[in-house]
Number of protein chains: 2
Amino acid sequence: MTCVTRNVRTYDHFCLTARALERVGDRWSLLVVRDLLTGAKRFTDLMDRLGGITPKTLSQRLRELEDADIVTADREPGRREVWYRLTPTGADLEPVIDALNWWGVRHSWRLPRPGEPLHAEHLLRAAVQAVDLATDDREPVRWHFRLDGTDYLAESDGHRWSLTAQAPPAPAWADVTITATTDALAARIFAQSDLGIDITGEPEPVRRFRQLIGTLATVVGPG
Amino acid sequence: MTCVTRNVRTYDHFCLTARALERVGDRWSLLVVRDLLTGAKRFTDLMDRLGGITPKTLSQRLRELEDADIVTADREPGRREVWYRLTPTGADLEPVIDALNWWGVRHSWRLPRPGEPLHAEHLLRAAVQAVDLATDDREPVRWHFRLDGTDYLAESDGHRWSLTAQAPPAPAWADVTITATTDALAARIFAQSDLGIDITGEPEPVRRFRQLIGTLATVVGPG
DNA sequence: CTGGATCCATGATGATACTG
DNA sequence: CAGTATCATCATGGATCCAG
């Protein structure tokens, strides 16, 4: 019996949704894109965030995403590290990640479970979208988070929120600076606990930050 | 050697994107959602559209999507057919499909290949998004397509386009009625051929339809 | 005919260990 | 740091069959 198995990686349809999924529909692929949306990362940076992925699978996914013109690898001679970043085509996937994350926030938002891998970057992404979901407040603002020693910038331009992993481009660039550990931020969001959190800035932006972040626990659904 | 393999179906992360992908990230899952977005379908309706899927995989996916509260099955006593439709949670996935399809249109739009499965519904979804992408024209309009004997409604409400599979709710509801086969519509879009196409309606809406549909061939990218 | 179920082959993924 | 190697397991596809 000759079983000529069709390639599992393709659908061979004209449909553009199917062809998009041929490029990013594999297990882990969109999570790699998610983590590169906040900026270039090294192999081990990605391993940290993609809890449970094996190095074999990660290197395979990175090569497939390179072949699909979604990721490029910066390999400078004389430097050990390889920095992976999104191509313009890959960066165009941001609405896909946003839509998935938005759906997840609406239908699966819940407290973190004990021992569940929870990276600061993902908690922050969820929190920013939950703010967007829970309130009508879209006033421009710039929040600087320093979580577990890494800097993130969350900003609203009046229409959309964005999240990047980088230090503020200039002193006093941010309206509020929040310093904490990932766990302390989770406790702030889900239990209104200020333990281990430092919030600095002008009184009004700080008040607004506290008010917006305070609404997030109420978003908790059945999930 | 006892290899305790982690469940391949889950990521076990807090991240909402990962948890969304646990529910819809399997092969074929989002394509099932795509086809239910235009309205309820039977098992064989889905088989027709999901070219290459095996009945085993389709029934497995449908049960998983039922368990995930994304799809419900209408099984009326005394009726042979089972009608699958989206739950409200499943319908909320429309922005995810739109984002994927939009990315596909921008980066993989090309002529259909000979023999490539091409369903009217998917060509129409692609065309509507390509119109949205290629022009600034968002004026409200209602187009009625009858393709291979099935009715579809494409409409703009002034902001967004939507596509459903149904006959017009009333006579004269649509501004333009287009009757064709899938192949003839493809020839109209990609080769400006009116062969086998019938377009009726008031002169101005018809002119606008022709103008918008005529821009689509120029969207063709490198893919 | 619709709506599946069954069996097996294959390939994708994971666990673990190891290397330049 | 950035992977590779080996082996085990599971998900998916192909082909076939079946009940209402």
Side-chain angles (χ1 to χ4, degrees), chain A residues 1-13 18 21-22 24-32 35-36 40-67 71-85 117, chain B residues 1-13 18 21-22 24-32 40-67 71-85 117:
Chain A
M1 184 198 298
T2 46
C3 267
V4 181
T5 303
R6 219 176 51 147
N7 191 343
V8 176
R9 321 300 299 275
T10 66
Y11 294 103
D12 298 324
H13 294 184
L21 287 172
E22 287 178 351
V24 297
D26 284 326
R27 185 162 160 80
W28 297 108
S29 289
L30 280 173
L31 299 186
V32 172
D35 287 336
L36 294 179
K41 302 277 190 304
R42 292 169 300 181
F43 193 87
T44 43
D45 296 330
L46 293 170
M47 287 292 291
D48 285 345
R49 288 162 174 79
L50 298 167
I53 198 174
T54 63
K56 173 185 176 178
T57 302
L58 178 54
S59 57
Q60 186 180 330
R61 284 297 168 275
L62 285 169
R63 255 169 304 168
E64 290 165 1
L65 290 169
E66 281 192 64
D67 291 344
V71 165
T72 59
D74 289 344
R75 293 186 181 83
E76 277 186 28
R79 195 186 55 188
R80 291 181 64 81
E81 310 109 61
V82 181
W83 287 87
Y84 294 96
R85 57 184 174 78
Chain B
M1 184 198 296
T2 45
C3 268
V4 181
T5 303
R6 223 176 46 147
N7 191 344
V8 176
R9 322 301 297 276
T10 66
Y11 293 104
D12 298 325
H13 293 183
L21 287 172
E22 287 179 350
V24 297
D26 284 326
R27 185 161 159 80
W28 298 107
S29 288
L30 280 173
L31 300 185
V32 172
K41 303 276 188 305
R42 292 169 301 182
F43 191 88
T44 43
D45 296 330
L46 293 170
M47 286 292 290
D48 285 345
R49 289 163 173 79
L50 298 166
I53 198 173
T54 63
K56 171 186 177 177
T57 302
L58 178 55
S59 55
Q60 186 180 330
R61 285 296 168 276
L62 286 169
R63 256 169 302 160
E64 290 164 1
L65 290 169
E66 281 191 64
D67 291 344
V71 165
T72 59
D74 289 343
R75 293 184 181 83
E76 277 185 28
R79 195 185 55 189
R80 301 177 59 83
E81 311 107 61
V82 180
W83 287 86
Y84 295 95
R85 58 183 172 77

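Bear in mind that the values here come from a model prediction, so they are computed numbers and not experimental data.
At C:dA12, none of the side-chain N or O atoms of A:Gln60 fall inside 4.0 Å of OP1 or OP2 (strictly under the cut-off). Under 4.0 angstrom from either OP1 or OP2 of C:dT2 there lies no side-chain N or O belonging to B:Arg75. An OP1 or OP2 oxygen of C:dG14 is reached within less than 4.0 angstrom by a side-chain nitrogen or oxygen of A:Trp28. Here A:Thr57 reaches the OP1 or OP2 of C:dG14: one of its side-chain N or O atoms lies under 4.0 Å away. The side chain of B:Tyr84 contributes no N or O atom lying less than 4.0 Å from OP1 or OP2 of C:dT2. Residue B:Arg61 places at least one side-chain N or O closer than 4.0 Å to OP1 or OP2 of D:dT12. In this structure, B:Thr44 reaches the C:dG3 phosphate: one of its side-chain N or O atoms is under 4.0 Å from OP1 or OP2.
Annotation: salt bridge (charged side-chain N to carboxylate O under 4.0 Å, His left out) contacts of A:Arg42 (sequence neighbours excluded): A:Asp45. Taking B:Glu22 as the reference, nothing meets the salt bridge (charged side-chain N to carboxylate O under 4.0 Å, His left out) condition, with sequence neighbours excluded. With sequence neighbours left out, B:Arg61 forms a side chain to side chain contact (heavy atoms under 4.5 Å, CB included) with B:Arg9, B:Asp26, B:Trp28, B:Ser29, B:Thr57, B:Glu64.
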Notebook entry, point to check: Can A:Tyr11 and B:Leu50 be said to form a side-chain contact (heavy atoms from CB on, under 4.5 Å), step by step?
Noted result: CA-CA 9 Å; A:Tyr11 294 103; B:Leu50 298 166; over 6 Å; no

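B:Val71 places none of its side-chain heavy atoms less than 4.5 Å from the side chain of B:Arg85.
Considering only side-chain atoms of A:Arg63, the nucleotide from C:dG14, D:dT12, D:dT4 that sits closest is D:dT4.
Judged by distance alone with a 3.5 Å cut-off, a donor-acceptor contact links the side chain of A:Lys56 to the base of C:dG14.
Judged by closest nucleotide on DNA chain D, A:Ser59 is the one of A:Ser59 and B:Glu64 placed further toward the 5' end.
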Contacts under 3.5 Å, N or O only, protein and nucleotides 18-20 of chain D:
from	atom 1	to	atom 2	distance (Å)
D:dG20	N2	B:Arg80	NH2	2.1

Extract from the structure each pairing of a protein N or O with an N or O of nucleotides 17-19 of chain C at less than 3.5 Å, listing the distance.
none

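Rounded to 10°, the angle separating the first-five-pair axis and the last-five-pair axis of the helix from C:dC1-D:dG20 to C:dG20-D:dC1 equals 40°.
Counting all heavy atoms, side chain and backbone alike, A:Arg49 lies closest to A:Asp35 at CB-OD2, 3.2 Å.
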